[in-house]
Novice: 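Here it is: the structure, laid out below.
Every heavy atom of this structure was used, including side-chain atoms; hydrogens, water molecules and symmetry mates were not. Remember, predicted model here, so these are calculated numbers, not experimental data.
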2 protein chains.
Amino acid sequence: MTTRRKSPVETEAIQPQMCSVDVRQHILRHVPFFAMLSEEDIGRINQSFREQGFEAGEPIYYAGDPAARLYVVAAGKVKQMRHSLTGQDVLLDILSEGDFFGSLSILGDETYPDTVLAQTGICALSIDSEGFREILQAYPPVALEVLNITGQRLRGAQEAVHQLSAYSVEQRLAYTLLKLMDKLGEAQEVGVLIQMPLSRDDLAAMTGATTETISRIMSQFQKAGWIKSGRQWVAIRDSEALREVAAGG
Amino acid sequence: MTTRRKSPVETEAIQPQMCSVDVRQHILRHVPFFAMLSEEDIGRINQSFREQGFEAGEPIYYAGDPAARLYVVAAGKVKQMRHSLTGQDVLLDILSEGDFFGSLSILGDETYPDTVLAQTGICALSIDSEGFREILQAYPPVALEVLNITGQRLRGAQEAVHQLSAYSVEQRLAYTLLKLMDKLGEAQEVGVLIQMPLSRDDLAAMTGATTETISRIMSQFQKAGWIKSGRQWVAIRDSEALREVAAGG
DNA sequence: GTAATTACATGATCTGGCGCAATTAATCGC
DNA sequence: GCGATTAATTGCGCCAGATCATGTAATTAC
């Protein structure tokens with residue numbers, strides 16, 4: 001008899017979220033690229049943003065929609081995805097509090113290349129692209145920080161290309177779990193829990209594999225005692241072992 | 001008897017390049033993110049750059065080297081690559097005149113995550129990261145344009161992730177040839193020639209496939225009359241057919 | 001509560017593309 | 001010009017991982 005858990009350890013912490021109007025200023029102050037601004041500058045910027053709540057599973061926008069706005073995740077997690085004609089979806093990134101997504105450029109006639117879905121209940125702040133451009137022009141240090149972050153994401157995406165081109169599904173899965181742990185991990189009795197609902201399907205879409213293959217490898221990892229996992233949740237128990245697998249053990 | 005060509009149509013146009021000192025100002029003026037500056041601003045910026053020539057095949061830097069400088073391709077083409085422990089190399093991007101690469105951030109203790117090799121003889125202008133940061137701070141419109149370009153590259157990399165996750169080698173190859181045609185294509189009698197030395201190995205490293213598989217598919221494409229290709233060169237004759245293949249025909 | 005639905009597991013089979021090998025063609029070095 | 005080197009082609013066996021199929025545990029709907 002396997003020690004498979006019957007109930008998720010922690011989805012209670014992830015409830016549908018709405019922004020209370022009062023906390024917007026507080027949230028904006030903690031967005032990495034606004035952190036260096038004064039309270040009154042943030043107050044000014046605050047006026048250009050509007051808030052919006054989304055239920056878990058709801059789309060923020062679809063690929064092909066006219067790209068008009070830039071969003072900042074205030075609370076919760078979203079999935080950035082790309083669709084294929086074959087129906088196979090690819091999960092490019094998971095974004096959480098303080099991350100931005102949507103349209104950076106001011107070219108009006110563009111459409112979003114990706115779809116963004118609320119993975120948990122979320123609160124998002126958004127601003128139209130021109131408004132954001134104005135902020136970038138008015139506060140050059142903000143632009144530099146946004147550039148920094150975009151550069152880091154570019155490197156991350158290039159690393160993903162590398163992984164998909166050169167490594168096995170097992171290695172990619174190990175790597176993906178480690179990245180998720182770094183970003184969303186929370187120490188618990190079961191291990192370091194990845195603090196969000198995370199299905200085999202999600203992991204398959206993140207690693208460019210099928211659900212079945214991911215399920216098989218997750219079973220192996222679990223048997224080896226490296227992870228503990230149930231329905232829509234994963235905790236890492238031996239990150240060192242995963243690191244070895246990812247590196248080509 | 002196949003109509004395989006015995007000699008490349010156009011590598012004569014790609015000779016080892018050195019920058020003459022005189023042309024630097026001219027080159028900088030045509031770099032996209034400096035285009036909006038005045039002649040005298042460019043002159044000031046010019047002083048922070050230094051030039052360097054590289055022979056075809058020479059490395060500009062290796063992954064793991066301390067990341068200290070930002071480069072701009074003044075003439076020629078370079079390959080941006082990532083290595084794997086298994087020896088399998090991945091070709092992330094081909095950069096040509098006006099493109100930048102290297103270190104954007106000012107964090108001193110970093111190393112380059114990629115290797116950049118001169119694909120042809122090239123001339124590169126370079127500046128230390130702090131110097132570039134100072135320029136970005138001094139000329140905010142430059143920072144915005146660099147952000148624009150970085151954002152576009154991020155989308156390109158995400159599209160590559162999508163392709164690798166969801167499409168066949170045949171589709172990825174068709175897509176890659178089309179992108180190269182858009183970037184480097186030059187109308188010739190044989191078709192639209194991709195104006196750089198481009199081997200099956202290069203295409204394999206760009207598509208995450210093996211040389212043999214690429215060779216086989218290139219033969220198919222050639223038999224179908226969609227491309228014409230020889231030793232280190234490729235010309236596209238029917239881009240519409242390739243587009244159909246890429247889209248899932 | 002019970003039925004319907006959704007997430008996960010695992011076995012059996014099939015295949016796109018890899019790995020290896022042998023041959024041919026173009027280019028380089030002297 | 002001629003051998004040495006590098007690029008490309010093509011055949012063949014094989015395997016990682018996809019696909020298909022079936023079963024079961026957890027969750028949702030009522």
Novice: Report the distance from atom CH2 of B:W233 to atom P of C:dA25, rounded to the nearest whole Å.
Specialist: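 Spelled out: CH2 on B:W233 to P on C:dA25 is 16 Å.
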Novice: Would the distance check show the side chain of B:Q119 and the main-chain N or O of B:P197 forming a donor-acceptor pair, the cut-off being under 3.5 Å?
Specialist: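 Yes: the side chain of B:Q119 pairs with the backbone of B:P197.
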Novice: So, A:S96 side chain and A:K77 main chain: donor-acceptor pair closer than 3.5 Å or not?
Specialist: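 The answer is no, because no donor-acceptor pair under 3.5 Å joins these two groups.
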Novice: Going by the rule side chain to side chain donor-acceptor pair (under 3.5 Å), which residues pair with B:R69 if we only count those two or more places apart in sequence or in a different chain?
Specialist: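 Testing B:R69 for side chain to side chain donor-acceptor pair (under 3.5 Å), a comparison that skips the adjacent residues, returns B:S126.
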Novice: Identify, between A:T213 and B:D201, the residue whose nearest nucleotide on DNA chain D lies closer to the 5' end.
Specialist: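 Nearest-nucleotide comparison on DNA chain D picks B:D201.
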Novice: When you check the phosphate oxygens OP1 and OP2 of D:dT9, does a side-chain N or O of B:R200 lie under 4.0 Å from one of them?
Specialist: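 True: B:R200 side-chain N/O within range (under 4.0 Å) of D:dT9 OP1/OP2.
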Novice: So, is B:T210 close to the C:dG17 phosphate, meaning a side-chain N or O under 4.0 Å from OP1 or OP2?
Specialist: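 So the side-chain polar atoms of B:T210 never come under 4.0 Å of the phosphate oxygens OP1 or OP2 of C:dG17.
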Novice: Taking only side-chain N and O atoms of B:S215, does any of them lie within less than 4.0 angstrom of OP1 or OP2 on D:dT10?
Specialist: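 Result: no.
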Novice: When the distance from CD of A:Q232 to P of C:dT5 is rounded to whole Å, what number comes out?
Specialist: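 About 18 Å, once rounded to whole Å.
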Novice: Applying a 4.0 Å non-hydrogen cut-off, can you work out what B:T211 is touching in the nucleic acid: base, sugar-phosphate, or nothing?
Specialist: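 B:T211: no heavy atom of the nucleic acid under 4.0 Å.
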Novice: Less than 4.0 Å between a side-chain N and a carboxylate O, is that true for B:E159 and B:K179?
Specialist: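 Between B:E159 and B:K179 there is no salt bridge, as every charged N stays at least 4.0 Å from the carboxylate O atoms.
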Novice: Counting distance only, does the side-chain N/O of A:R200 pair as donor-acceptor with the main-chain N or O of A:S215 below 3.5 Å?
Specialist: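 Pair absent, no side-chain N/O of A:R200 close to backbone of A:S215.
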Novice: Could one point to a donor on the side chain of B:R231 or the base of C:dT27 with an acceptor on the other under 3.5 Å away?
Specialist: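 No such pair is found, so the answer is no.
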Novice: Answer yes if the side chains of A:Q80 and A:D93 hold a donor-acceptor pair under 3.5 Å, and no otherwise.
Specialist: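 Not at all, the side chains of A:Q80 and A:D93 share no donor-acceptor pair under 3.5 Å.
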Novice: What is the distance, to the nearest angstrom, from the CZ atom on B:R172 to the P atom on C:dG17?
Specialist: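 Result: 7 Å.
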Novice: Enumerate the residues from residues 79-88 of chain B whose closest heavy atom to DNA chain C is under 4.0 Å, giving them by residue number; use none for an empty result.
Specialist: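 Within residues 79-88 of chain B, no residue comes under 4.0 Å of DNA chain C.
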Novice: Once hydrogens and angles are ignored, does a donor-acceptor distance under 3.5 Å link the base of C:dG16 to the side chain of B:R216?
Specialist: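 No, no donor-acceptor pair under 3.5 Å.
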Novice: Given atom CD1 of A:I214 and atom C1' of C:dA7, what is their separation to the nearest angstrom?
Specialist: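 For the pair A:I214 CD1 and C:dA7 C1', the rounded distance is 15 Å.
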Novice: Considering only heavy atoms and no angle criterion, is a donor-acceptor pair shorter than 3.5 Å present between the side chain of B:E212 and the base of C:dC20?
Specialist: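 A donor-acceptor contact between them is present.
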Novice: Separation of B:L164 atom CG from C:dG16 atom P, in whole Å?
Specialist: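 It is 18 Å, rounded to the nearest whole Å.
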Novice: Please work out if A:S199 contacts a base, only the sugar-phosphate, or nothing of the nucleic acid, heavy-atom cut-off 4.0 Å.
Specialist: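 A:S199: backbone/sugar contact only, no base atoms under 4.0 Å.
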Novice: Tell me whether A:D99 is salt-bridged to A:K183, with the criterion being a basic N under 4.0 Å from an acidic carboxylate O.
Specialist: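 Salt bridge between A:D99 and A:K183, a charged N being under 4.0 Å from a carboxylate O: yes.
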Novice: A:Q220 CD to C:dC8 P: how many Å, rounded?
Specialist: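 Those two atoms, CD and P, are 17 Å apart.
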Novice: Between B:M218 (CE) and D:dT10 (P), how many Å, whole number?
Specialist: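 Those two atoms, CE and P, are 12 Å apart.
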Novice: Using atom OH of B:Y167 as one end and atom P of D:dA18 as the other, report the distance to the nearest whole Å.
Specialist: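 The distance from OH of B:Y167 to P of D:dA18 comes to 16 Å, rounded to the nearest Å.
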